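Model, not experiment: these values are computed from the prediction. All residue numbers refer to positions in the sequence shown, counting from 1. Read the numbers this way: they start at 1 and go in the same order the structure lists the ligands and their atoms.
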Amino acid sequence: MALLTQALMDIESVSGNERAIADAVEDYLRALGHLSVHRDGDSLVARTELGRAERVVLAGHLDTVPLPTTPGSRGTVPAQWDGNILFGRGATDMKGGVAVQLAIAAQLIEPNRDITFIFYDHEEVEASKSGLGRLLRNAPHLLEADFAILLEPTNGTVEGGCNGTTRFLLRTRGTAAHSARAWMGHNAIHDLADVLSRLQEYQPATVDVDGLAFRESLNAVRITGGVAGNVIPDAAEVEINYRFAPDKGIAEAEAHVRELLEGYEIERTDGAPGAKPGLNHPAAAAFVATVGAEPKPKYGWTDVARFSELGIPAVNFGPGDALLAHSDDEHVTGQAIRDCHEALLRWLSS
Ligand SMILES: N[C@@H](CCC[C@H](NC(=O)CCC(=O)O)C(=O)O)C(=O)O
């Protein structure tokens, strides 16, 4: 399984560049012969059609965040082994999970529930580009199910629900002038100092939702401004990302950010609501009991939100430590991948 993970990691698939990995996954699924396979762009749906009483989705995205830029980082492509630890982009988020999906697709010809395997593009970027969203528009019938498991990294436990995420552009405007005569202008970059200190002083909340403690985050994630080394900048822009607990929706999250940054020009550019854990739903509760470990909250955003919106109970359960996701040091152990695989295999064949 770790070698399958490595093979997937060796195919660079930063969001927008999923064609090669989708081709490889499609060839693999079609060669199995027992699944009905549907391709939509760089997303794939492969289903058993056994007429079982229940259908479960096992879903994972094929894309990754960009490769690290710091020289010497090990969370890059191709993957590399250090002892029994596999380093590289996508190790935790989430090619280990995709490898588990593929292994189960090959091994379980007669599972106890029908399985819909979904592999999709463009998860790590703005919600409007999501391959899963596109699948839902183009072929909603293929996604129908009683329960969904997202193989996002959860380190041996179930992570319930997910935080919501929303992004904003805050703009300041000044007056351009020669930087040797700065008093003739107004520096738009300097105006961001107040914005940055409000963000730095902000104390993010931890919100209890259905017994799980969701930690929120509010951060500047990108900053731009300035046209030349001798011009007072007349415009500057900071991108802000707010991760908010699933007790609130996008409108409430937006109002919170606008209140904190009152007085500034702000545009909301993206937003995806979170999902409450829903672990008291019978299907989710039964799965949590099978896994056996104490469930935790999912701090990142995942497509459990999309399935929950569709009325399909969903949880996160996949190999690797989410704390390493998107880091320059992304890695996963072979054991973590095997443990996740065995737990799912047990649940789908007992
Ligand atoms: N449309 C969203 C997509 C963001 C998805 C990404 N998810 C993860 O990293 C899950 C891994 C984890 O936290 O366990 C995210 O949260 O950034 C967006 O626009 O941000």
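Ring-plane geometry between Phe287 and Phe317 is classed as perpendicular, the angle between the planes exceeding 60 degrees on a 0 to 90 degree scale with a lower cut at 30. Using a 30° and 60° split on the angle between ring planes, Phe244 and Tyr242 fall in the tilted class, from 30° to 60°.
Near Gly300, with a cut-off below 4.0 Å to any heavy atom, the atoms of ligand 1 are 13 (O), 16 (O). Of all the atoms in ligand 1, the ones that sit under 4.0 Å from a non-hydrogen atom of Ala322 are 14 (O). Residue-ligand proximity, Asp93 to ligand 1, at heavy-atom distances under 4.0 Å covers atoms 8 (C), 9 (O), 11 (C).
In this structure, atom 6 (C) of ligand 1 lies nearest to the protein heavy atom Glu124 OE1, 3.4 Å. Given atom 14 (O) of ligand 1, the protein heavy atom at minimum distance is Lys298 NZ, 2.4 Å. Among all non-hydrogen protein atoms, the one lying nearest atom 8 (C) of ligand 1 is Trp301 O, 3.6 Å.
Heavy-atom proximity to atom 15 (C) of ligand 1, evaluated over Arg243, Glu159, Glu126, Glu123, is greatest for Arg243. When Val125, Thr64, Thr165 are checked for heavy-atom proximity to atom 1 (N) of ligand 1, Val125 turns out nearest. Closest heavy-atom approach to atom 20 (O) of ligand 1 among the candidates Met94, His326, Arg167, Glu152: Arg167.
Look at Ala127 and you'll find a heavy atom under 4.0 Å from some atom of ligand 1.
Within the cation-pi definition used here (under 6.0 Å to the ring centroid, within 45° of the axis), Arg113 qualifies as a partner of Trp347.
Contacts between Thr154 and ligand 1, counted as non-hydrogen atom pairs separated by less than 4.0 Å, are absent for every part of the residue.
Under the 3.5 Å distance criterion, with hydrogens and angles disregarded, no donor-acceptor pair is assigned to the side chains of Ser349 and Asn112. A donor-acceptor pair shorter than 3.5 Å can be found between the side chains of Glu330 and Thr92.
Only one option out of Asp82, Asp329, Asp328 pairs with Arg74 in a side-chain hydrogen bond (donor to acceptor under 3.5 Å, both in side chains); it is Asp82.
Between Tyr202 and His256, the ring centre distance stays below 6.0 Å.
Contact check for Asp121 versus Ser15: no side-chain heavy atoms found under the 4.5 Å cut-off.
Checking only distances, Asp270 does come within under 3.5 Å of ligand 1, N or O to N or O.
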